[in-house]
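What follows is a short report on a single structure.
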Amino acid sequence: MNERYADIIVDITHEKLDRTFQYQIPPELEGRVQAGTRVKIPFGGGNRIIDGYVIGLGSRPKYEPAKIKKIAAVAEDGITVETRLITLAAWIRETYGSTMIQALKTVVPVKDKKKAKSGRRILLNVDQLQAASWLEQFRRRKYKAKIRLLEALVERPELTDEYVSKELKIPGETLKSLAEQGIIRLEQFTVYRNPIGESDVLVQEKEAPGLTAEQKEVLDGILREWEAGGRPCLIQGITGSGKTLVYMELIEKVLLEGRQVIILIPEIALTWQTVQRFYRKFGSLVTVLNSKMSPAERYDQFERVKQGEVQIVIGPRSALFTPFPRLGLIVIDEEHENSYRSEGTPRYHARETAIARGKLEGAHVVLGSATPSVDAYYRCRQGSYALFQMKSRYGGAVLPKVYPVDMREELKKGNRTVLSGPLQEAIGLRLRAGEQVMLFLNRRGYAGFISCRACGHVVKCPHCDVSLTYHNNGRLICHYCGFEREQLTSCPECGSPYIGGFRAGTQQVEQVVRKFFPEARTLRMDADTTRGKDGYERILKAFSGGEADILIGTQMIVKGHDFPKVTLVGVIAADVSLFASDYRAAERTYQLLVQAVGRAGRGELPGEAVIQTYHPEHYSIQAALSQDYEAFYEEEIGSRELMGYPPVSNLLAVHASCDREDTLQNAMEYIRRYLIRIRRRNDLQLVGPAPESVAKVQDYYREVLYLKSGEEQELIRMRELLERYIEINRGFASVHIQFDFNA
DNA sequence: AGCACGCCGACT
DNA sequence: GTCGGCGTGCTC
């Protein structure tokens, strides 16, 4: 294909990012122009030469060919941070499916809010008397804009750029001419907000508490890997094995080479202790981004980075796009965490994107986790990542003892509450000893699956190996392939009538606990009680300060925080996440259970954990009981392989939503037929369309269609063709389509 | 953002 | 008429 045209974004630092312009590639520049190339282009009526970035090539003109100008030249300083980030945006677009604009917006910080905070100030440059005489003159000549501005300046001799242009509607030229006459003064200012207050900058911690033999071994292994060319490295280290110390050594090494470091963490509020350690070690070389920062604040931080004020950035997913001039290392802590996958468009994954950026800039990537994602571990087994393991806790702390409780037995004994006999007993024991208890209820990912409380049987899709979900119309539906069946009144395995959805929230658990232990002080931590700005902090402080005996909560109580007096962790219902209706349910459950169990006995006192389940024999639960990651992995990868799920195969989801159900269903049917028409490989499977697990949101119906293939490239090819097909056909105008790759 | 174009009042 | 400020809209 002869690519004679280029789509170009105009000077990204100032202009709106939401438009591209098409230019011709003159024959003499052929081959030198690619996505990411910075070029000089004639722009606007006067054809003034400005900078632009090429974001894509094409062979077809989108406008009247006569109107398409030629690229003037390729910029000499060709490759800069920006061009590399734009190339990364192009990679994101290609891999995850979105428009180039959307990809660029996630990678390059938006600047337009910036004007308000910093930028230009307009000052009166003459005294009041002179101003009055100028005003007189302008009034005579009826220079309306000049009069407006001068009047405002007499009132208040200092105005912001925004006020002057938006409120007073003064064109830039008027300002220029007034400045030339010396009546006003324009002052450029930049205020960089530093999120670390001066008082937070702590004393540098100089002494390194020498590495253990195991830590040293991992460190040396990674350095050898770096010398060999550098695959991504995964450190699998159990909680307390000192992964952070290894990161620090690596970071120091990279800093000494004059290169910079990005550290990704799942959520600042939950990992504050880790962040503090980096501060103590690296002091003012470090800056922290967080997910609550406005784009303008993040922009400021990125400016500081470009000025060379900081060498290390710690932050969530979005910190991955920090524009360091010589990026040397990207660390992703708690690599398995869900928050590394973006929820918006494009739905990129920080791990994969970090590796892509690393390749582009010659930076190393180091991942760390106690319970690695199946994806990352699979890559290690394949040999595309290097694996390093740390198996001992320092300080000789021992892992807690873990006991399963079979809830089917509880029902047989006539106990129909959410607290089993053994757990009640254990709680009572701990309370009498004056120790603390955490009760963990995993509600996330809960999607209304149906199970039998007598035998534990879960109603699953016969084709997809995921749980069926109960719908209000009284039917059970598979959210992968759309399989449907009627609701059951008795268990098909054992005939028991106790079959239904699992219905217990943290409130119910709290009520039951109060009933059994009226003298115990309880605290509840869930989305409701942590709503305020420092909801987390408040509850966690109260609990660690001993203001309560029992903490009941969801997900958030099992991450990060150390409570030395907690000696018992109770998992109320391990099955809730186990039978969520998606193929990662078992993986998520294993990770949560290991984390939950790890909360017990962090201090002097030994701990124990009780896991309540209807499926004590399930491999996720068995592996969590013995803290045996390998065992879990082997089972899990086997089932992924069998069912054709990632990472063994590849899965592309086509999500569609529309306010009209029939239009949506029609559109999906067209998409399905089109995909069948263009498929090339026999191993490509189409699954669905099916209603999403939340089938209707704000009057918008939602459906999803899956494509499975062993070949990643084949899915990308099909997605690109489908994108074009949707763009061309007007029938899809009211249907919103989004892609999700290997999610 | 910057530039051109068209409109309108003021001045020769 | 024509000069110059002012507002608007477009830039492949």
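In this text the structure is predicted, and so the values were computed from the model without any measurement. Chain letters run A, B, ... following the sequence lines, proteins first and then strands; every chain starts at 1.
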Got a salt bridge between A:Glu711 and A:Arg680, using NZ or NE/NH1/NH2 to carboxylate O under 4.0 Å? no
How is A:Lys62 classified with respect to the nucleic acid when contacts are heavy atoms under 4.0 Å: base, sugar-phosphate, or nothing? nothing
Between A:Arg148 and C:dG7, is there a contact of a side-chain N or O with OP1 or OP2 at under 4.0 Å? yes
Base, sugar-phosphate or nothing for A:Tyr23? Non-hydrogen atoms, less than 4.0 Å. sugar-phosphate
Give a yes or no on whether A:Phe21 atom CZ has more than 12 heavy-atom contacts from other residues, nucleotides or ligands under 6.0 Å away. yes
Rounded to whole Å, the CZ-P distance (A:Phe43 to B:dG2) equals 12 Å
Hey, which of A:Arg347, A:Gln738, A:Glu352 is the one that makes side chain to side chain donor-acceptor pair (under 3.5 Å) with A:Tyr96? A:Glu352
A:Phe21 CZ to B:dA1 C1', in whole Å, measures 12 Å
Could you state the atom-to-atom distance from CD1 of A:Ile41 to C1' of C:dT11 in whole Å? 10 Å
May I have the distance from A:Gln137 (atom CD) to B:dC11 (atom P), rounded to whole angstrom? 12 Å
When rounded to the nearest 0.5 angstrom, what distance separates CD in A:Glu692 from CD in A:Glu703? 8.5 Å
Between atom CD in A:Glu64 and atom P in C:dT11, what is the gap in whole Å? 11 Å
Round to the nearest Å and state the distance from A:Leu149 atom CG to C:dG5 atom C1'. 14 Å
Distance in angstrom units between A:Lys146 NZ and C:dC6 P, rounded: 6 Å
Quick one: A:Ile147 CD1 to C:dG5 P, roughly how many Å, whole number? 14 Å
